[in-house]
Each structure stands twice: as C-alpha cells, then as structure tokens.
Amino acid sequence: MSLHLFNTLTGTKEEFVPAEPGFVRMYVCGPTTYNYIHLGNARPLVVFDALRRYLEYRGYEVLYVQNFTDIDDKIIQRAREEGLPAQDVAARYIREFFLDADALNVRRASLYPRVSRHIGDIIRAVDDLIRRGYAYVTEGDVYFSVEKFPPYGKLSRRRPEEMMAGARVEVGEDKRNPLDFALWKKARPGEPAWDSPWGPGRPGWHIECSTMALKYLGPSFDIHGGGADLIFPHHENEIAQAEALTGRPFARFWLHNGFITVNKEKMSKSKDNFFLLREVLRRFRPQAVRLYLLGTHYRSPLDFADEYLEEAERAYERLANARAALDEALAAAGGREGGDTGNPEGAEATSAALELTERVRSLRSKIEGALDDDFNTAQALGVLYELVRELNTFVNRGEKGPGTAEALAEAASVLDELGEGVLGLFSGGKQEEDGGLVAGLVELILSLRQDARRRKDWATADYLRDRLKELGIILEDTPHGVRWRLRRG
RNA sequence: GGCGCGGUGGCGAAGGGGCUAACGCCGCGGUCUGCAAAACCGCUAUCCGCCGGUUCAAAUCCGGCCCGCGCCUCCA
C-alpha cells in the first residue's frame, strides 16, 4: 500500500504522490510569538514532525517550512504591557519556542521564515494583487476582495452568500464586503510600521503565509498543514491570495489536526483552559507527551487530563523497558553485527530466531501499513506493542543460539527506525545536567548492594533498594545484572 | 440559523458489511524471582448511544431520534 492522506480540500483520502518525484514540499503554520506555546499548539508540532519523519523514512527528501508570525496585534499589545519593543517580545518567544520544541524531540524544520523579514516580499504581493484587480485600497488599508475570487470557500465548503446571511460578520467601515480581509493594515500611532505605497502599516495575518510559502516552496506545493481551526478563514484566505497571484493551485494536500480539549471543550487561549507545554513537560516526560499526542489519530479530538498523561507515562515505561532489555540481550548475543561469540560461521539459525525475525518483519510492514493509511499513529503504536510483547517473550527465554543476534538486531532496527526515527519516542528531553554525578553515585550504591546480595544479606540489599525507590530510582534485578532508571523525567 | 465531527469494555483508543471487536492503562488470578520489580500467560464488551430499515450477513451502509463537541470572530 502506498501513503494515503485525508485531504481537507477534497474531503477524501487520496494517494499521496509529490509533484516532484522523491521530493516533498510542506508548509505548516507556526505560532504567533506572543506567549509560550500551550499543549494545543504542541499537537500540530508533533504530528507534522512525525509525518515529516515518516516521509523521510519512506525515502523522500522533505523541504519543511514553518513560519513565525512575529508581527501581530497580540504581540503589540503584549509589548505595550511589558514596555518593550514588539520585536523584542517576538524574539523572546521564538527562543522559548525552540526550547519547548527541542524538549519535545521535535526535529527542526528546514526553514523558519519570519514575517518581519519578508515585508518587501509581502508588499510586492499586495501590490500585485491590487494590479490584478483582486484587492483595493481604502485610506491606508488594503483589502482582498472576496467576490473577485469565485472559488472562495472551496476549502471550508461554505458559500460566501451563506456566510453573509449569517450576518454576524462585522462590517468594517471601509470594507466593501464583510468577508473581505486585510492584506495591509494602516498603522495607528505608536504601532510598529513599515513604509509602503499605501502609507505606513503592517501586513495582515493571512498574506504572510501565502507569500512565504510561495517564496520558498513555489506556486504549487505538496502539503499544507495546521490546526483545524485554521481552515476558515486563514487557509481559505491563503488559497484566495496565492491562487489569485499565480493562477495555479496552491497546496495540493491540506491536512488539519483536531483539537486538544479539556473536559471535551477546545483548549484555547481565549478560554481559560490552556496548559503551557512547559508546565506539562515539568510534570511528564517528553516521551510520554509524544506518546499521548500520537496515541490518537491526528484528526480526532484529544482530551487532556493528568490521568491520560500518567497512563502514557506507564505505557512509555513498557516501551523503554523492552528497549533496555533488548540492548542487554543484544550485548549478550555478541552485538548488532552478529558477533563471533554465539554464531559460528555457517551455523543454521535456530527456529526461534528465524521465527522472531520473520515476525518482526511482518510487524514492521503492519506498522507501515497503518501509517500509510492516513498516518494512523494510534494503530501503528498498537502494532509496536505487539512487537514488544513478542520481543520480550523471546528475550525472557534467554535464547542464545545461532541467529539470535540477527533476530534481535532486526527488532532493534524497527524500534530505532519507526519507534524513534519516525515517532520520536525514545530520545529527547532534558540532558543530564550533573555531569554524570547521579549515575556515578547510583552505580556505587549498586555495587555495594550487589556485594550484599552475594552474601545473601537480603536485609541490606532490600533496604538499599527501598531507599533508592523513595528517591525515585527504580531497581530491577535481571539475569544480566541490575537495571536502574529514574521514575519520571 | 448554516456547515461539520463524534458517541466502541472500568478508563483511553483502533477498527469500519462476514475472521476470537487490535492495542495501552487499571483490576484480579497465575508463572518466573531470595524477595521485589520487570516480563510473560489467563480473566475482564455475546457486544459497539437509542429505534427502525437495507442485506444471506451490520458495531461497520441508510433514515430518524437522543447526547457531546467544533467552525462560521483572534485561536493549533
């Protein structure tokens, strides 16, 4: 099966084939940088990061562009409150954005264009739209004229007449039509402004994405993503602007993620129900947060509650335990290359080893099948757990015969390439900041405990284990020695 | 009002005309272990919001109803 994705534009799952063979161009709307990002902002971040990773796994080269809206009414307001220049506020939250994204193991996009650095491009685009008759100037403002673009509404499936009948659209004093939207906003006193043919002002919200996407990805590119709340008006407007400019279809696939909800209600900044990502990351491991975000299909709503993250923590431990056991078994079997310890030249692999290898291969293709079906990460995770179960069974039996290392390596490659490479579940998070002091001390205590155990001094051994547990250090005695880990990141 | 999405075990969540209704968490019983933990095995929905219909066959398709949510205004 080949990759199929649900395209909001057509309302169906379609086979995904990039316009240029082997090369995918994708654009995802980034944050307006006036605050730390919240969990709702983190969903598209992780979902599209994982999709990008999967495209690369499938052998595509991906040009991934994510913008920063660093000029905006809210930034200006925030700057006023703090008595700082708007650009300083925006720059600060861009830095903070990267701290959050890195902590979540989100890979960097190829490019992060900022509105403030594309004012010239935007002015040219606006000017072009006016020349082509799609936009008009009022006193210092420029508006896009929706009625000049007949396909308007094709993405959100609504007809302009009906929207106007809704009548709740505010009629700006100088808009000709309530649905028209600003391409250029005249500056009021004290606001940051750039010179333009229409006087000092700043770009409207929607034009930046059209302009920057066209600039870096060309007139027609493969994937445009974002939250479902951007379908209207933001993405609808992007299409109108871009297609009015180029006369060519803008993005071919429109992908939209569902919302994070709290008690089933949308998490948003206007309601008081949002949780900052960094607050969540203070309490839960980044791997657990990713597991939580990818455990539900990306188009479905996803409810937030502590207990769901706690559940993800435990599920993550299952994966991490399997990964650790696998590494130990692999080391014991002579390493990934097959080693020369347990696998003499020409020896027939044991049937258990052959069976595991075969199962792992089959499960890998099941995972690929799930991801190929509209990027169903929830289903893919289900298969990953099946793989973990079979792997644990094999490792528990302490298999040692010929072919064991190869079989284990096969499993490791799936965990590496899909679990970590695509879903990003195993690495990431804060680095040890103590220079290995904790690890050193734990190892020291463990060696004392091992001495006690050799003497069958169970009281001392158990005492050490209990005290370490109180400190959040979990011990497990395994056939290969003691394994320890920290509870929670 | 217009447009749209969803209701699956104690919880989360896949599936979406015919296979035992995945998987995770929790709970219970067992195996292993010095003990513990981890892991593994077993049990936990005769049933998929309700009522009709189509069909040899429906949780999956169609209609109606009930409930929850979203977009239509800044929002990922």
Side-chain angles (χ1 to χ4, degrees), chain A residues 8 11 28-32 34 37-48 72-74 153 156-159 161-170 179 205 225-234 236 256-261 263-271 274 291-292 295-297 299-303 305 307-308 310-322 324-325 366 370 373 376-397 453 456-459 461-462 465-466 469 474-479 482-485:
Chain A
T8 305
V28 173
C29 289
T32 300
Y34 70 102
I37 62 170
H38 66 232
L39 195 59
N41 302 303
R43 170 119 97 147
L45 207 58
V46 167
V47 163
F48 292 112
D72 170 89
D73 292 354
K74 288 179 189 146
S156 53
R157 281 163 223 294
R158 44 190 97 193
R159 303 186 312 154
E161 314 84 69
E162 286 168 353
M163 285 188 272
M164 282 185 275
R168 274 180 55 214
V169 191
E170 239 173 85
L179 294 181
W205 175 35
D229 47 0
L230 297 183
I231 295 172
F232 188 90
H234 186 56
E236 196 69 71
H256 294 97
N257 62 274
F259 305 122
I260 303 275
T261 58
N263 296 322
K264 307 292 181 193
E265 291 195 342
K266 181 184 176 187
M267 179 183 291
S268 74
K269 290 178 184 171
S270 43
K271 293 176 189 158
F274 65 88
L291 200 53
Y292 158 75
T296 298
H297 184 89
R299 287 194 285 121
S300 300
L302 173 57
D303 206 40
E307 57 181 297
Y308 303 144
E310 278 156 17
E311 183 186 314
E313 283 279 357
R314 290 184 215 112
Y316 167 69
E317 295 208 351
R318 178 172 171 74
L319 297 176
N321 287 339
K366 272 178 84 175
D373 185 10
N376 194 334
T377 52
Q379 192 170 53
L381 281 169
V383 182
L384 193 64
Y385 289 116
E386 279 183 54
L387 187 153
V388 161
R389 185 181 347 106
E390 298 190 24
L391 173 64
N392 283 334
T393 299
F394 182 87
V395 169
N396 278 170
R397 282 204 299 255
R453 293 186 72 213
K456 297 202 189 297
D457 177 2
W458 309 123
D462 292 350
R465 185 173 62 199
D466 291 345
K469 188 177 183 183
I474 312 287
L475 264 45
E476 286 172 30
D477 296 314
T478 79
V482 189
R483 179 149 83 221
W484 68 275
R485 59 192 152 89

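Just so it is clear, the values below take in all heavy atoms, side chains as well, and ignore hydrogens, waters and symmetry mates. Just so we're clear, the structure is a prediction, and the values are computed from it rather than from any experiment. In the text below, chain A, chain B and the rest are named by the order of the sequence lines, each starting its count at 1.
- As rounded to the nearest Å, B:G53 and B:A58 have P atoms that lie 12 Å from one another.
- Within a 6.0 Å radius of NZ in A:K271, other residues, nucleotides and ligands contribute more than 12 heavy atoms.
- Atom pair A:Y34:OH and B:C74:P shows a separation of 13 Å (rounding to whole Å applied).
- On the P atoms, B:A76 is 24 Å away from B:A14, given to the nearest whole Å.
- No engagement by A:H234 is indicated, since no non-hydrogen atom pair under 4.0 Å with the nucleic acid exists.
- Ranked by how close their nearest RNA chain B nucleotide is to the 5' end, A:H297 and A:R158 are led by A:H297.
- Atom P of B:C61 sits at a distance of 11 Å from the matching atom of B:G7, rounded to the whole Å.
- Closest to the side chain of A:T296, from the set B:A76, B:C74, B:A13, is B:A13.
- Once the 5.5 Å centre distance and the 30° plane angle are applied, the aromatic ring of A:Y308 is found not to be stacked with the base of B:G12.
- B:C5 atom P lies 18 Å from atom NZ of A:K264, rounded to whole Å.
- Rounded to a whole angstrom, the distance from the C1' atom of B:G24 to that of B:C65 is 34 Å.
- Closest heavy-atom contact between A:A315 and A:Y385: CB-OH, 3.4 Å.
- Look at the P atom in both B:G52 and B:G70: the space between them is 32 Å, to the nearest Å.
- Counting all heavy atoms, side chain and backbone alike, A:A324 lies closest to A:R483 at CB-CD, 3.7 Å.
- Note on A:T393: only backbone sugar-phosphate atoms sit closer than 4.0 angstrom, heavy atoms only; bases stay farther off.
- Listed here is the closest heavy atom pair of A:A461 and A:R453: CB-CG, 3.6 Å.
- The nearest whole Å value for the distance from the CD atom in A:E265 to the C1' atom in B:C67 is 15 Å.
- Base engagement by A:K74 is indicated by at least one non-hydrogen atom pair under 4.0 Å involving a base atom.
- Contact of A:R43 with B:A76 (side chain to base): no donor-acceptor pair of N or O atoms is detected under 3.5 Å.
- For A:K266, a side-chain nitrogen or oxygen approaches OP1 or OP2 of B:C71 to under 4.0 Å.
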key: Bracket notation of RNA chain B in which parentheses pair within the strand, [ ] cross earlier pairs, and | pairs with another strand (Watson-Crick or G-U, under 3.5 Å)   = ((((((((.[[[..)..(....]]].(((((.......))))).....[[[[[..)....]]]]])))))))....
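- Nearest approach of A:T296 to A:P301, heavy atoms of both residues: CG2-O, 4.0 Å.
- Which of B:A37, B:C71, B:C74 sits closest to the side chain of A:P233 comes down to B:C74.
- A salt bridge between A:D466 and A:K469 is absent, with no side-chain N of the basic residue lying under 4.0 Å from a carboxylate O of the acidic one.
- Counting non-hydrogen atoms under 4.0 angstrom, A:N321 reaches the backbone sugars and phosphates but no base.
- Going from the C1' atom of B:U46 to that of B:C3 covers 39 Å, rounded to whole Å.
- Judged by distance alone, the side chains of A:D303 and A:T261 do bring a donor and an acceptor atom under 3.5 Å apart.
- Ranking B:A38, B:A14, B:C74 by closeness to the A:S300 side chain, first place goes to B:A14.
- Figure legend: A:R158 and A:F232 shown as a cation-pi pair, the cationic atom lying under 6.0 angstrom from the six-membered ring centre and within 45 degrees of its axis.
- Considering only the side chain of A:H38, B:A76 comes nearest among B:A37, B:C69, B:A76.
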Which atom pairs link the protein and nucleotides 20-23 of chain B when you take only N or O atoms and keep those under 3.5 Å?
from  : atom 1 : to     : atom 2 : distance (Å)
B:C23 : OP1    : A:R389 : NH2    : 3.2

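- Taking 4.5 Å as the limit, every side-chain heavy atom of A:K269 sits out of range of all side-chain heavy atoms of A:K74.
- A straight line from CG of A:D466 to P of B:A37 spans 11 Å, rounded to a whole angstrom.
- The base of B:C74 does not come close enough to the side chain of A:D229 for any donor and acceptor atom to sit less than 3.5 Å apart.
- Taking 4.5 Å as the limit, some side-chain heavy atom of A:I260 sits within range of a side-chain heavy atom of A:Y292.
- If you check B:G70, B:A13, B:G34 against the side chain of A:K271, the one that comes closest is B:G70.
- One interatomic measurement links the two molecules: CG of A:L302 to C1' of B:A14, which rounds to 14 Å at whole-angstrom precision.
- Atom P of B:A45 sits at a distance of 38 Å from the matching atom of B:G4, rounded to the whole Å.
- If you take atom C1' in B:C69 and the same atom in B:C47, they sit 26 Å apart, rounded to whole Å.
- With a 4.5 Å cut-off on side-chain heavy atoms, A:N41 and A:P31 do not count as touching.
- Spacing between atom CG of A:L391 and atom C1' of B:A38 amounts to 13 Å, rounded to whole angstrom units.
- A:I231 comes within 4.0 angstrom of no nucleic acid atom, judged by non-hydrogen atoms across all strands.
- Heavy atoms of A:I260 sit under 4.0 angstrom from at least one base atom.
- At B:A39, none of the side-chain N or O atoms of A:N396 fall inside 4.0 Å of OP1 or OP2 (strictly under the cut-off).
- Rounded to whole Å, atom P of B:A76 lies 5 Å from atom CG of A:N41.
- Closest to the A:A315 side chain, of the nucleotides B:G24, B:A14, B:A76, is B:G24.
- The shortest distance between side-chain heavy atoms of A:D229 and A:K266 falls below 4.5 Å.
- A:D303 places its CG atom 15 Å from the C1' atom of B:C5, with the value rounded to the nearest Å.
- The side-chain heavy atoms of A:R485 and A:E317, taken from C-beta on, include a pair separated by under 4.5 Å.
- Residue order along RNA chain B, read from the 5' end via each residue's closest nucleotide, puts A:R453 first among A:R453 and A:G226.
- Backbone-only contact: A:N392 has heavy atoms under 4.0 Å from sugar-phosphate atoms and none from a base.
- If you check every strand for non-hydrogen atoms under 4.0 Å, A:D477 touches a base.
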